[in-house]
Colleague: 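This is the structure, below, for whatever I ask next.
Given the structure is predicted, the values throughout are model-derived calculations rather than measurements.
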Amino acid sequence: MDIVILAVVIAVVVLGALGGLIVGSRRKKQLPPPPPAAPDITAPPAEPHVGDEAETPREEPRRTIEEVDLPDGSAPVVVEEPPAEAPEIEIPEPTAGRLIRLRARLSRSQNALGKGLLTLLSREHLDEDTWEEIEDTLLTADVGVQPTQELVERLRERVKVLGTRTPDELRTLLREELITLVGPDMDRAVKTEPEDRKPGIVMVVGVNGTGKTTTTGKLARVLVADGQSVVLGAADTFRAAAADQLQTWGERVGAHTVRGPEGGDPASVAFDAVKEGKEMGANVVLIDTAGRLHTKTGLMDELGKVKRVAEKQAPVDEVLLVLDATTGQNGLVQARVFAEVVDITGIVLTKLDGTAKGGIVVAVQRELGVPVKLVGLGEGADDLAPFEPEAFVDALIGD
């Protein structure tokens, strides 16, 4: 029995020793790091609920619906717009002596003719070569063949009789001959005041690009500056915005504009313009016609129709042909065709301050047998001037 007890005790001791060895070996091994702790998440502050930050409501007087005035719905609410401002009426500058005031613009581009002639005439010996140079100078200035030959013939005769040729004598001689060539005795007044009736009727014709509508507006300013009341007829119904352009010119000087629908009958507009001019007691009716292409017979025939229809109200007193002076001799072709359709009574030369040559004044008068009555000398509103032969020649030969 004792032996059994002793064996049990030894077994227990051995088992205890083995257990201690196993535990010691495990402590010597490196244990893995512990897993990271979950981060602390701070919850965002709660959003304030409605009214949390509002101030304490105050006591205010309130009205019941019975105390509030409501619209009864019987009449619509009308919003008044500010009245449109009437355009300011301009007072054009007087036309008397206007060409003299605008002489500087003319002389800048024109006096090469006069100075060239004076230089040639001042040569000591005027041989045939010199006279040919004088002819070339005149032809280059668009004077025309026949007027050039006449002027050279008179100059040769007077220089021969004169004998001595001082600068002052030559200037006086050339001035007198040029004025004679331009035609000082031609009636250049625009016929706007017939003796037996009112209003005077003026038609303005010309091809596209000559400044016809602008010239009509400027002519209205000329007439208003001379104390006449004007009605404008916008019979150019084919060109976009032509009627608007003419009406703007009229509003500046207080002239009434009669217009029709775009693309409408030009003759009916002309008829209505003359009719309204008579009813209003106006002094002058200006009719702006379409910029006819002179190569299209049908359009030229329609221009004649405009004149015939307008004359059912009153005779047309003046037909002004607007020519671009820079076109030179080409303008004579236009003038010739227009003269066959309507009786041209006067010429308006525009852009005479540009590259135009002054001799066109002489050439176009000879071609049509009618005078140049007005000249355009710039882009300004008051740059249309009655033509004055003496002032024109003075600008040609310079000071």
Colleague: So do T248 and R252 actually touch side chain to side chain, heavy atoms under 4.5 Å?
Modeller: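 Side chain of R252 against side chain of T248, heavy atoms only: contact under 4.5 Å found.
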
Colleague: For residues V322 and L320, determine if any side-chain heavy atom of one lies less than 4.5 Å from a side-chain heavy atom of the other.
Modeller: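 A side-chain contact under 4.5 Å is absent here.
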
Colleague: Can you sort out the partners of K307 under side chain to side chain donor-acceptor pair (under 3.5 Å), two or more places apart, ordered by chain and number?
Modeller: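 Listed in chain order: E311.
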
Colleague: Please test T289 against M203 for side-chain contact (heavy atoms from CB on, under 4.5 Å), starting from the C-alpha separation and ending with a verdict.
Modeller: CA-CA 7 Å; T289 60; M203 277 185 61; 3.7 Å; yes

Colleague: Would you call K373 and P386 a side-chain contact if the rule is heavy atoms closer than 4.5 Å?
Modeller: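 A side-chain contact is absent here, since even the closest heavy-atom pair is not under 4.5 Å.
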
Colleague: Examine the side chains of R239 and T213 and answer whether a donor and an acceptor come within less than 3.5 Å of each other.
Modeller: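 Side chains of R239 and T213: pair found under 3.5 Å.
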
Colleague: Please determine, by modelled atom types, if R366 and Q146 share a side-chain donor-acceptor pair under 3.5 angstrom.
Modeller: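 No, no side-chain donor-acceptor contact under 3.5 Å.
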
Colleague: Identify each donor-acceptor pair in which a side-chain atom of residues 265-275 lies under 3.5 Å from a protein atom, sequence neighbours left out, and give them as a table.
Modeller:
residue, atom, partner, partner atom, Å
D265, OD1, A267, N, 3.3
S268, OG, D265, O, 2.7

Colleague: Hey, is R175 close enough to E390 for a salt bridge, meaning N to O under 4.0 Å?
Modeller: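 The answer is no: the pair does not qualify as a salt bridge.
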
Colleague: If we only count heavy atoms from C-beta on, is the W249 to T257 side-chain gap below 4.5 Å?
Modeller: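 They are not in side-chain contact.
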
Colleague: Between R308 and D301, what is the shortest heavy-atom contact and its length?
Modeller: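 Heavy-atom minimum between the residues: NH2-O, 4.5 Å.
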
Colleague: Quick test of your reading of the model: are R197 and D317 salt-bridged, counting only N-O distances below 4.0 Å?
Modeller: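 Judged by the 4.0 Å cut-off on N to carboxylate O distance, R197 and D317 do form a salt bridge.
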
Colleague: Is there a side-chain contact (heavy atoms from CB on, under 4.5 Å) between T137 and L120 once you walk through the steps?
Modeller: CA-CA 10 Å; T137 301; L120 292 172; 3.7 Å; yes

Colleague: Charged N to carboxylate O below 4.0 Å: is that the case for E176 and R158?
Modeller: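 Salt bridge flag = yes for R158 with E176.
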
Colleague: Between the main-chain N or O of G380 and the side-chain N or O of K218, is there a donor-acceptor pair closer than 3.5 Å?
Modeller: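 Yes, the answer is positive, given that a donor and an acceptor are paired below the 3.5 Å cut-off.
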
Colleague: With a 3.5 Å distance limit and no angle check, can you tell me whether R188 reaches the backbone of V372 through a side-chain donor-acceptor pair?
Modeller: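 Side chain of R188 to backbone of V372, a donor-acceptor pair under 3.5 Å: yes, one is there.
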
Colleague: Answer yes if F338 and I287 sit in the same cluster of Ile, Leu, Val, Met, Phe, Trp and Tyr residues linked by side chain heavy atoms under 4.5 Å apart, and no otherwise.
Modeller: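 Hydrophobic grouping puts F338 with I287.
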
Colleague: Using the rule that two of Ile, Leu, Val, Met, Phe, Trp, Tyr join whenever any of their side-chain heavy atoms come within less than 4.5 Å, decide whether L117 and L170 are in one cluster.
Modeller: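 Result: yes, single cluster for both.
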
Colleague: Please examine the side chains of E262 and T237, heavy atoms only from C-beta on, and report whether any two atoms are closer than 4.5 Å.
Modeller: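 The answer is no; the side chains never approach within 4.5 Å.
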
Colleague: Tell me whether V342 shares a hydrophobic cluster with L374, the cluster being built from Ile, Leu, Val, Met, Phe, Trp, Tyr side chains joined at under 4.5 Å.
Modeller: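 No; L374 is not reachable from V342 via cluster members.
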
Colleague: Is the number of heavy atoms from other residues, nucleotides or ligands within 6.0 Å of CD (E279) greater than 12?
Modeller: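 Above 12, so yes.
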
Colleague: Which hydrophobic side chains are connected to L139, either touching it within the sub-4.5 Å cutoff or through other members that do?
Modeller: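 Its cluster partners, ordered by chain and number, are V145.
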
Colleague: Checking the side chain of D136 only, and the main-chain atoms of E133 only, is there a donor and an acceptor separated by less than 3.5 Å?
Modeller: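 Not confirmed, D136 side chain does not pair with E133 backbone.
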
Colleague: Using the side-chain contact (heavy atoms from CB on, under 4.5 Å) rule, take L352 and F392 through it: C-alpha gap first, then chi angles, then the decisive distance, then the call.
Modeller: CA-CA 11 Å; L352 199 58; F392 178 72; 4.0 Å; yes

Colleague: The criterion is side chain to side chain donor-acceptor pair (under 3.5 Å); which residues satisfy it with D168, sequence neighbours excluded?
Modeller: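 Once residues adjacent in sequence are excluded, D168 has no partner under the side chain to side chain donor-acceptor pair (under 3.5 Å) criterion.
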
Colleague: Going by atom types only, do D324 and T327 share a side-chain donor-acceptor pair under 3.5 Å?
Modeller: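 Judged by distance alone, the side chains do not pair up.
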
Colleague: T140: which residues meet the side chain to side chain donor-acceptor pair (under 3.5 Å) condition with it, sequence neighbours left out?
Modeller: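 Partners of T140 under the side chain to side chain donor-acceptor pair (under 3.5 Å) test: none.
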
Colleague: With clusters defined by side-chain heavy atoms of hydrophobic residues (ILVMFWY) lying less than 4.5 Å apart, directly or transitively, does L349 cluster with L138?
Modeller: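 Yes, it is one cluster - the side chains of L138 and L349 are joined through contacts under 4.5 Å.
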
Colleague: Does T345 form a side-chain hydrogen bond (donor to acceptor under 3.5 Å, both in side chains) with E318? I'd like the steps, not just the answer.
Modeller: CA-CA 6 Å; T345 59; E318 190 86 70; 2.4 Å; yes

Colleague: Taking all non-hydrogen atoms of both residues into account, name the closest pair between I201 and P315 and its distance.
Modeller: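 It is CG1-O, 3.4 Å.
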
Colleague: Does a side chain donor of either Q245 or T214 reach within less than 3.5 Å of an acceptor in the other side chain?
Modeller: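 There is such a pair (donor and acceptor under 3.5 Å, judged by atom type) between the side chains of Q245 and T214.
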
Colleague: Regarding R221 and D382, does a basic nitrogen lie under 4.0 Å from an acidic carboxylate oxygen?
Modeller: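 Here R221 pairs with D382 in a salt bridge, since their nearest N and O are under 4.0 Å apart.
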
Colleague: Within the distance-only criterion (no hydrogens, no angle test), does the side chain of E276 pair as donor or acceptor with the backbone N or O of V231 below 3.5 angstrom?
Modeller: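 Between the backbone of V231 and the side chain of E276 there is no qualifying donor-acceptor contact (under 3.5 Å).
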
Colleague: E135 vs L151, test: side-chain contact (heavy atoms from CB on, under 4.5 Å). Steps then yes/no.
Modeller: CA-CA 9 Å; E135 285 188 1; L151 178 58; over 6 Å; no

Colleague: Go through the structure and list residues passing side chain to side chain donor-acceptor pair (under 3.5 Å) with D142, not counting sequence neighbours.
Modeller: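 None.
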
Colleague: Linking I/L/V/M/F/W/Y whenever any side-chain heavy atoms sit under 4.5 Å apart, do V375 and V393 land together?
Modeller: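 V375 clusters together with V393.
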
Colleague: Quick one: are V316 and D343 in side-chain contact, heavy atoms under 4.5 Å?
Modeller: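 No; the side chains remain at least 4.5 Å from each other.
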
Colleague: Which heavy atom of P194 sits nearest a heavy atom of P199, and at what distance?
Modeller: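 The pair with the smallest heavy-atom distance is CG-O, 4.2 Å.
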
Colleague: Is N283 reaching over with its side chain to a backbone N or O of S229, donor-acceptor style, under 3.5 angstrom?
Modeller: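 Side chain of N283 to backbone of S229: a pair is present.
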
Colleague: Determine the minimum heavy-atom distance between L232 and G250, stating which atoms define it.
Modeller: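 Between these two residues, the closest heavy atoms are CD1-CA, 3.7 Å.
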
Colleague: V348 and side chain to side chain contact (heavy atoms under 4.5 Å, CB included): which partner among L323, L384, T216?
Modeller: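 The passing option is L384.
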
Colleague: Which heavy atom in F238 sits nearest to a heavy atom in A290, and how many Å separate them?
Modeller: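 What the structure gives for the nearest pair is CD1-CB, 4.1 Å.
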
Colleague: Taking C-beta and beyond as the side chain, do D127 and H125 meet within less than 4.5 Å on heavy atoms?
Modeller: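 No, too far: nothing below the 4.5 Å cut-off.
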
Colleague: Got a donor-acceptor contact below 3.5 angstrom from the T350 side chain to the G376 backbone?
Modeller: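 Not confirmed, T350 side chain does not pair with G376 backbone.
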
Colleague: Restricting to non-hydrogen atoms, name the atom on G217 and the atom on L246 that form the minimum distance, rounded to 0.1 Å.
Modeller: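 The answer is N-CD1, 4.2 Å.
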
Colleague: Less than 3.5 Å apart, any donor N or O on the side chain of T192 or Q228 sitting next to an acceptor on the other?
Modeller: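 There is such a pair (donor and acceptor under 3.5 Å, judged by atom type) between the side chains of T192 and Q228.
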
Colleague: Are T172 and E169 close enough that a side-chain donor and a side-chain acceptor fall under 3.5 Å?
Modeller: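 Judged by distance alone, the side chains do not pair up.
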
Colleague: Below 4.0 angstrom, N of the basic side chain to O of the carboxylate: do K191 and D187 qualify?
Modeller: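 The answer is yes: the pair qualifies as a salt bridge.
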
